[in-house]
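Worksheet: one structure, shown below.
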Amino acid sequence: MEQENEPARANEVERGQQPQEEKPKGPDTIRLEAIAGPCTGSSYSKPGLQQLTVGRTRVSKLHIKDPSVSERHARISWNGEAWEVEDLGSSNGTLVNGSKLEGGGPAVTLKDGDVIQFGEESQLRVEITPVPNESVTVEEFLEAECHRLVQRLRGRAEQLANKLGADWAAEKAAMLACA
């Protein structure tokens, strides 16, 4: 794609204009919608946001009124390329699509459509909307939108696979207990 921009830059130089540098991409917009727990139906989104802490108290940017959520439970941040979540050593854990994060462990990259669980019952669906670039062609926009939809489908498939695995393990344990 850079090769396509080279002739345009050469033309700008020939006309005595300074070639325009591409601006660094800002953070994609993240929206978190509560789908389970005491805050069901509420959502949080703030354009230009780079980091937010999640917790039970108002000190956190994302305040969840749930006794199973720690005061400083987790952090969601933009790493320059993608959104990621990390557990800050919470008492009741953080899960992404049913997979538990290690408290104080490495951050996990979030995808559009992921479900994050804080504590025992508060679940938030992640919606990530890329920041539009002024120089994007229609084809590039459509390609990016297709990629976003594929990521959302993969996230949903991961959620369903994890749930199916957990349900199967519970059913197996119940059958073994009867034997």
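- The CH2 atom of W168 sits 8.0 Å away from the CE atom of M175 when rounded to the nearest 0.5 Å.
- With values rounded to the nearest 0.5 angstrom, I116 atom CD1 is found 10.5 Å from L95 atom CG.
- With hydrogens and angles disregarded, a donor-acceptor distance shorter than 3.5 Å links the side chain of Q117 to the backbone of E120.
- Of all the heavy atoms in W83 and I76, the pair that sits closest is CE3-CG2, 3.8 Å.
- One N or O on the side chain of N97 and one on the backbone of V115 form a donor-acceptor pair closer than 3.5 Å.
- H73 places a side-chain N or O within donor-acceptor distance of the main-chain N or O of G93, the cut-off being under 3.5 Å.
- A side-chain donor-acceptor contact under 3.5 Å links N92 to the backbone of S68.
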Does the pair K61 and L49 meet the rule for a side-chain contact (heavy atoms from CB on, under 4.5 Å), with working shown?
-> CA-CA 11 Å; K61 284 192 178 187; L49 183 70; 4.1 Å; yes
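- Within 6.0 Å of atom CZ in R154, 12 or fewer heavy atoms from other residues, nucleotides or ligands are found, so the atom counts as exposed in its surroundings.
- Side chains of P106 and E86 form no contact here, defined as non-hydrogen atoms less than 4.5 Å apart.
- Taking CD of E81 as the reference point, atom CG of D28 lies at 11.0 Å (rounded to 0.5 Å).
- No side-chain donor-acceptor contact under 3.5 Å links T53 to the backbone of S60.
- Atoms OG and CD, on S42 and E33 in that order, are 8.5 Å from each other to the nearest 0.5 Å.
- With contacts defined as side-chain heavy-atom distances shorter than 4.5 Å, the pair V126/V85 does not qualify.
- A donor-acceptor contact shorter than 3.5 Å links the side chain of R56 to the backbone of V69.
- Side-chain contact between L124 and I64 is present, with at least one heavy-atom pair separated by less than 4.5 Å.
- Looking at E127 and R125, no side-chain N of the basic residue comes within less than 4.0 Å of a carboxylate O on the acidic one, giving no salt bridge.
- Considering all non-hydrogen atoms of both residues, S99 and N162 come closest at OG-ND2, 3.6 Å.
- Nearest heavy atom pair, residue A34 against residue C39, reads CB-O, 3.1 Å.
- Rounding to the nearest 0.5 Å gives a distance of 5.0 Å between CG of L88 and CZ of R75.
- A donor and an acceptor atom, one from each side chain of S122 and D66, are located under 3.5 Å apart.
- The backbone N or O of I128 sits less than 3.5 Å from a side-chain atom of D112, completing a donor-acceptor pair.
- Between the CG atom in L164 and the CD atom in E171 there is a gap of 11.5 Å [rounded to 0.5 Å].
- Around CD of E145, the count of heavy atoms belonging to other residues, nucleotides or ligands within 6.0 Å exceeds 12.
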Evaluation steps, side-chain contact (heavy atoms from CB on, under 4.5 Å), between K163 and Q159 | CA-CA 6 Å; K163 183 175 181 345; Q159 292 164 21; over 6 Å; no
T94 and V54: side-chain contact (heavy atoms from CB on, under 4.5 Å), yes or no, with the steps?
-> CA-CA 11 Å; T94 303; V54 179; over 6 Å; no
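- Shown here is R152, whose CZ atom has more than 12 heavy atoms of other residues, nucleotides or ligands within 6.0 Å.
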